[in-house]
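The block underneath contains the structure these notes are about, expressed in structure tokens.
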Amino acid sequence: MKSVKKFKDTWLSVLALIYSITLILVLIDSYFASGAHFIEFFTYLSNIFCAIWLLIYALTGFFKANKFSIFIRNKILVLTLNMAITITFLIVALWLFPIWKGDWIKNGISGGLFYTHFLTAVVMWLVFFYYQSTGKFNWKLNFFVLIYPLVYFVAIIVRQLIVKDKWYPYNFVDPSFYNNNYFIFAAVVVVLAGVFYGVSYLLWVIKSKLNKKTVI
């Protein structure tokens with residue numbers, strides 16, 4: 001039984017290592033194609049974090065860095081990354097290029113888009129659903145999974161207050177998109193926070209079903 005687990009851990013670490021290196025190369029190419037605003041897109045930023053996490057996950061698996069391994073496998077950290085990349089996947093798969101219509105094939109989805117919007121999510125799910133994560137987690141008390149998207153959102157707003165170039169990575173973070181109706185703007189922020197939290201909860205429920213040792 002231990003040999004089977006060791007084999008699974010090894011191939012998962014190999015997968016994480018190969019994909020993280022591939023993803024880093026894809027992101028570098030996307031950077032030169034997208035220009036200065038590259039890192040301001042939630043999609044690319046989330047992929048950067050996932051690439052770094054997968055690389056460290058693989059290295060800690062190979063070199064048995066137990067103390068650092070405990071940190072990198074922390075429930076909140078891993079769930080936050082999976083939540084972010086799953087949101088990216090759902091937006092593309094269900095809206096921009098609906099899978100059931102085959103639009104991503106018809107429109108010739110680029111290699112970079114395929115990696116950053118589809119494949120990264122699949123690899124992250126494989127790792128997330130397989131291993132036993134560390135640390136305590138309580139759904140009734142813990143909203144730390146929302147820190148990343150909220151910090152991102154605030155950073156975009158603060159950037160605009162400083163630069164004032166009226167450029168936003170997404171229309172829904174631009175107050176003028178709502179005719180500067182800040183009540184609607186605030187309502188959208190609340191709804192988005194609920195969507196992010198809902199996705200993270202769904203991911204953890206699925207993990208709990210696949211891994212009976214995980215406690216929600």
Side-chain angles (χ1 to χ4, degrees), residues 4-27 30 41-62 69-100 104-105 109 111-135 137 139 142 144-149 152 192 195-216:
V4 173
K5 183 180 183 301
K6 184 177 180 181
F7 172 76
K8 289 181 178 179
D9 289 341
T10 300
W11 79 257
L12 206 57
S13 293
V14 171
L15 172 65
L17 180 62
I18 294 175
Y19 187 75
S20 63
I21 295 174
T22 304
L23 182 57
I24 289 172
L25 295 176
V26 169
L27 290 170
S30 298
F41 286 95
F42 187 79
T43 296
Y44 289 130
L45 188 59
S46 297
N47 271 272
I48 290 172
F49 288 145
C50 286
I52 295 172
W53 186 87
L54 286 168
L55 181 60
I56 297 175
Y57 170 85
L59 294 178
T60 55
F62 289 133
S69 178
I70 291 175
F71 166 75
I72 205 66
R73 289 165 170 74
N74 179 269
K75 289 182 173 73
I76 297 174
L77 173 61
V78 185
L79 185 57
T80 298
L81 292 176
N82 273 273
M83 171 193 67
I85 208 64
T86 298
I87 290 289
T88 294
F89 170 85
L90 293 175
I91 289 175
V92 175
L94 302 181
W95 180 26
L96 298 180
F97 299 98
I99 290 180
W100 62 88
W104 64 279
I105 297 178
I109 188 170
L113 192 62
F114 178 73
Y115 274 96
T116 57
H117 292 72
F118 284 91
L119 203 52
T120 299
V122 174
V123 174
M124 289 297 291
W125 293 337
L126 283 174
V127 179
F128 175 65
F129 291 135
Y130 168 71
Y131 76 86
Q132 181 71 36
S133 44
T134 63
F137 198 87
W139 279 106
N142 207 319
F144 287 124
V145 291
L146 296 179
I147 290 178
Y148 167 44
Y152 169 82
L192 288 175
V195 171
F196 273 89
Y197 194 78
V199 168
S200 65
Y201 181 77
L202 178 61
L203 286 170
W204 197 258
V205 168
I206 295 174
K207 181 176 176 62
S208 70
K209 299 297 182 182
L210 296 176
N211 186 347
K212 300 299 183 181
K213 294 181 180 179
T214 299
V215 180
I216 298 180

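The figures that follow rest on heavy atoms only: side chains count, while hydrogens, waters and symmetry mates do not. Small disclaimer: the values here were computed from a predicted structure and weren't measured.
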Heavy-atom check, side chain of T60 versus side chain of R73, under 4.5 Å: yes

Separation between CG of L54 and CD1 of I24, rounded to the nearest 0.5 Å: 9.5 Å

From CE (M124) to CG (L23), nearest 0.5 Å: 10.0 Å

Criterion side chain to side chain contact (heavy atoms under 4.5 Å, CB included) on I91 and H117, from CA distance to verdict: CA-CA 9 Å; I91 289 175; H117 292 72; over 6 Å; no

Qualifying residues under side chain to side chain contact (heavy atoms under 4.5 Å, CB included), relative to L192, sequence neighbours excluded: F172, V188

Test item: I87 and V195 side chains (from C-beta on) under 4.5 Å apart, heavy atoms: yes

Atom of P149, atom of F42 and distance for their closest heavy-atom approach: CA-CE1, 4.3 Å

pair L113-F118: side-chain heavy atoms closer than 4.5 Å: no

Sequence-distant partners of Y148, side chain to side chain donor-acceptor pair (under 3.5 Å), two or more places apart: S46

Distance-minimising heavy-atom pair for I85 and C50: CB-SG, 4.1 Å

Side chain to side chain contact (heavy atoms under 4.5 Å, CB included) assessment of F128 paired with L79: CA-CA 8 Å; F128 175 65; L79 185 57; 3.7 Å; yes

CG-OG1 distance between L45 and T88, expressed to the nearest 0.5 angstrom: 10.0 Å

I18: partners by side chain to side chain contact (heavy atoms under 4.5 Å, CB included), with sequence neighbours left out: V14, T22

Ring centre gap for F49 and Y152 strictly below 6.0 Å: no

Listed partners of T120 passing side chain to side chain donor-acceptor pair (under 3.5 Å), at least two apart: Y19, N47

F144 vs T80 side-chain heavy atoms within contact, under 4.5 Å: no

Heavy-atom side-chain proximity of W53 to V127 below 4.5 angstrom: yes

Residues that I52 engages under side chain to side chain contact (heavy atoms under 4.5 Å, CB included), provided they are two or more places apart: I48, I56

Heavy-atom side-chain contact between F196 and V145 under 4.5 Å: no

Any residue meeting side chain to side chain donor-acceptor pair (under 3.5 Å) with W125, in chain and number order, not counting sequence neighbours: T86

Atom pair OG/CG of S20 and L15 - distance to nearest 0.5 Å: 9.0 Å

